[in-house]
There are 2 protein chains.
Amino acid sequence: MSLRHGLLGLLAEGPASGYDLTRRFAELLGQVWPARHPQIYAELGRLAEAGLIEVDSHGPRQRKAYRITGAGLAEVRRWLTDDEVDHTLRMEPLLRSVFFWLMEPADLAAHLERERQYYSGTAAAMRTYAGAKDRGEFGTSEQTRSLRIAAEAGIRLFEALAEWASWAERYAAEHLTEHHSETGHHSEHPPALPEGRPGSGSA
Amino acid sequence: MSLRHGLLGLLAEGPASGYDLTRRFAELLGQVWPARHPQIYAELGRLAEAGLIEVDSHGPRQRKAYRITGAGLAEVRRWLTDDEVDHTLRMEPLLRSVFFWLMEPADLAAHLERERQYYSGTAAAMRTYAGAKDRGEFGTSEQTRSLRIAAEAGIRLFEALAEWASWAERYAAEHLTEHHSETGHHSEHPPALPEGRPGSGSA
DNA sequence: AAGCGCATGTAAAGGGTTACATGATTGC
DNA sequence: GCAATCATGTAACCCTTTACATGCGCTT
């Protein structure tokens, strides 16, 4: 459960309301840790009850800003230094790639081309953003420096994916097109499998 | 909900039991789409009820293998070609990176070094695996080719992350160590929070 | 006064993990 | 016979999303 710590981390920069945090999460963290407002409001309630944050001010409309407490700040720091990193990755596009052999070559080529464009577009947007930071357009605070590091990860990740998609297009064209019908028709049942394999190893 | 389609995709290769699929998910897909056995058994039940898979055979012990149906095969293919790709990424290590400014420089350096090792180790393991595939050690079926493409994504992704961690170590040493002390000394407590900014916009 | 965007929430359902429970077979 | 492993499942809980609901304040 990292949403808790993500919220504490953002609040470490200064007071903010649930609404602020929702937008901040979407803009800044949406790419690596999505969170919708109901979850954020609920978590803020729990954080307040645990004494890690407290109400800072009430503003116009029903606006309610929270402030991090000493205990809260200690807790983010404990998380950052002591808690084990969870390397679990969940990425639908890569799950799909395992099943590319089930696709028609033409569909696969189109798919990979769309993916390539998506990744390189995202990488480009991040590169632009990082460039602005490097020119000091967001100041030179330590928060900004951290964000610059995060942006660099995004750039490298999405560039790697764009290059992968491009590589995969070529690889598939070479290795995955067989005599595969030009008719658009394909066999009802895929290659029947070696039956059984009850306790077989795999990989 | 991609677990459903992941299971169908694996079953497209041939009949398998919940137990087989659990291990297959862990070995093959654990890195991009984790799934535990209770979730898998539950989903298999739903898939069978929906007519997308059916019981193929009962084996020793209580083993119960499923086989994909024509409707199931059509459904995976529909997913692969028609369903929009969900690019949502969830990656705790990158979430953390946004909050690096809250860490002691020494702790951060240690953290980044551990991360670098983790990523380059994982990339190396995948490279070895891909090499075996390239030497034809797993045959030359279309399934194997697909897996080779997926492995390539893993290699590139983890290599990119390893290089990022290495870059971040240098960047942090240069930009994130306060007055850039050559003394190796740093203050006990990082910058006290800028108070205030109640209703401020963000980003 | 109408409409939009701000701002906060609740309810219900879905997806996913952890812990618990149980029985069958194989190998020693 | 005993232990290890195969194999399946249930129950409870937690995390996350979607849909619904409401009210305030600003602009036109």
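Every chain is numbered from 1, with letters handed out A, B, ... down the list of sequences.
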Nearest-angstrom distance from the residue atom CZ of B:Phe25 to P of C:dG15: 14 Å
Measuring to OP1 and OP2 of C:dT8, would you say a side-chain N or O of A:Tyr19 lies under 4.0 angstrom away? no
What does nucleotides 14-24 of chain D look like as a protein-contact string, B for base, S for sugar-phosphate only, - for none, at under 4.0 angstrom between heavy atoms? -SSBBB---BB
D:dT8 phosphate, OP1 or OP2, under 4.0 Å from B:Ser17 side-chain N/O: yes
Roughly how many Å is it from NZ in B:Lys64 to C1' in C:dT25, rounded to a whole number? 18 Å
OP1 or OP2 of D:dG9 under 4.0 Å from side-chain N/O of B:Tyr41: no
Whole angstrom value for the distance that separates P of C:dA7 from CZ of A:Arg23: 7 Å
Nearest whole Å is fine: how far is C:dT10 C1' from A:Leu44 CG? 15 Å
Please report whether the ring centroid of A:Tyr119 lies less than 6.0 Å from that of B:His87. yes
Measuring from A:Leu157:CG to A:Glu159:CD, what's the distance to the nearest 0.5 Å? 10.5 Å
B:Leu21 CG to D:dA7 C1': how many Å, rounded? 13 Å
Verify whether the ring centers belonging to B:Tyr171 and B:Phe100 lie closer than 6.0 Å. no
Are the side chains of A:Asp107 and B:Leu80 in touch, meaning some heavy atoms are under 4.5 Å apart? no
Compute the ring centroids of A:His37 and A:Tyr19, then answer whether they are less than 6.0 Å apart. no
Rounded to whole Å, the CZ-C1' distance (A:Arg63 to D:dC26) equals 16 Å
Please report the distance, rounded to the nearest Å, between OH in A:Tyr66 and C1' in C:dA7. 12 Å
As a quick check of understanding, evaluate side chain to side chain contact (heavy atoms under 4.5 Å, CB included) for A:Trp164 and B:Ile149, giving each step before the final call. CA-CA 9 Å; A:Trp164 166 73; B:Ile149 295 177; 3.6 Å; yes
